[in-house]
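Working notes, beginning with the structure itself.
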Amino acid sequence: QVQLVESGGGLVQAGGSLRLSCAASGRTFSGYAMGWFRQAPGKAREFVVAISWPASRTNYADSVKGRFTISRDNAKNTVYLQMNSLKPEDTAVYYCARARLGAPWTLATMGGEYDLWGQGTQVTVSS
């Protein structure tokens with residue numbers, strides 16, 4: 001059974017950086033687009049970024065564009081989220097997710113297009 005395991009979260013000061021990792025175990029994620037979402041306390045889950053298979057396209061939320069970078073290492077079945085210039089409003093639990101096989105890229109921002117989720121990793125940015 002495939003599982004997604006996130007790591008790399010933590011506490012960082014505003015302006016700092018963190019790198020999140022999402023490792024897929026059990027099977028490869030060959031052929032699947034992958035995404036990162038986040039959920040802050042008391043708020044709805046929101047889309048952060050997605051990357052297509054193999055990695056030719058990316059889609060970033062406006063709030064993170066220019067600060068966050070998604071990448072994937074298909075040989076290692078791992079997706080990364082490099083987060084720079086972090087702000088207190090980036091504080092949230094960050095979730096890695098695997099898109100449904102064949103999901104339209106135009107719907108990559110929609111959580112409903114993802115069928116496998118990790119357990120989440122906490123990112124806290126202090127001011």
Side-chain angles (χ1 to χ4, degrees):
Q1 182 158 348
V2 182
Q3 287 186 318
L4 301 178
V5 180
E6 302 100 331
S7 61
L11 173 64
V12 64
Q13 289 188 331
S17 298
L18 283 174
R19 188 195 196 202
L20 305 185
S21 298
C22 171
S25 64
R27 274 183 56 186
T28 70
F29 55 35
S30 174
Y32 295 90
M34 300 293 293
W36 287 94
F37 290 75
R38 67 186 181 186
Q39 187 166 21
K43 295 188 176 181
R45 182 182 65 195
E46 66 172 354
F47 168 78
V48 177
V49 61
I51 187 167
S52 67
W53 170 265
S56 57
R57 292 175 290 183
T58 56
N59 185 345
Y60 291 88
D62 288 342
S63 59
V64 306
K65 208 170 288 184
R67 300 187 299 121
F68 290 12
T69 302
I70 190 171
S71 61
R72 63 190 299 166
D73 185 335
N74 296 323
K76 294 183 178 180
N77 292 335
T78 302
V79 177
Y80 303 99
L81 181 62
Q82 178 66 44
M83 305 186 295
N84 298 328
S85 303
L86 283 161
K87 305 174 181 180
E89 51 263 44
D90 294 318
T91 295
V93 177
Y94 283 71
Y95 297 92
C96 171
R98 186 191 72 180
R100 293 185 299 103
L101 193 61
W105 179 246
T106 53
L107 300 181
T109 63
M110 308 297 291
E113 294 298 319
Y114 295 79
D115 61 2
L116 184 66
W117 295 79
Q119 83 288 351
T121 186
Q122 176 70 47
V123 171
T124 303
V125 184
S126 64
S127 57

Heavy-atom pair of closest approach, residues [X] and [Y]:
X	Y	result
Arg38	Ser63	NH2-OG, 3.5 Å
Leu20	Val123	CD2-CG2, 4.0 Å
Gly112	Arg100	O-NE, 4.4 Å
Ser127	Ala14	CA-CB, 4.4 Å
Tyr60	Phe47	C-CE2, 4.1 Å
Gly111	Trp117	O-CZ2, 3.5 Å

Do [X] and [Y] share a hydrophobic cluster, counting only Ile, Leu, Val, Met, Phe, Trp and Tyr and linking them when any side-chain heavy atoms are less than 4.5 Å apart?
X	Y	value
Tyr80	Leu18	no
Leu101	Val79	yes
Tyr32	Met110	no
Met34	Trp53	no
Tyr95	Val125	no

Task: Cys22 side chain near Arg72 side chain, heavy-atom distance below 4.5 Å - done: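 In short, these two side chains do not touch, never coming nearer than 4.5 Å.
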Open item on the list: For the CD atom on Glu89, are there more than 12 heavy atoms of other groups (residues, nucleotides or ligands in this structure) within a distance under 6.0 Å?
Closed with: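 Yes, the 6.0 Å shell around CD holds more than 12 heavy atoms from other groups.
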Open item on the list: Using a 6.0 Å cut-off, check whether atom NZ of Lys65 has over 12 heavy atoms from anything other than its own residue.
Closed with: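 Atom NZ in Lys65 is crowded, with more than 12 foreign heavy atoms closer than 6.0 Å.
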Please check: side-chain N/O of [X] versus main-chain N/O of [Y], any donor-acceptor pairing under 3.5 Å?
X	Y	answer
Glu6	Gly120	yes
Tyr114	Ala108	yes
Arg67	Ser85	yes

Open item on the list: Check the orientation of Tyr94 and Phe68. Use parallel for under 30°, tilted for 30 to 60°, and perpendicular for over 60°.
Closed with: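 Taking Phe68 first and then Tyr94, their aromatic rings sit tilted (interplane angle of 30° to 60°).
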Task: Pair Asp90-Lys87, salt bridge (charged side-chain N to carboxylate O under 4.0 Å, His left out): steps then yes or no - done: CA-CA 5 Å; Asp90 294 318; Lys87 305 174 181 180; over 6 Å; no
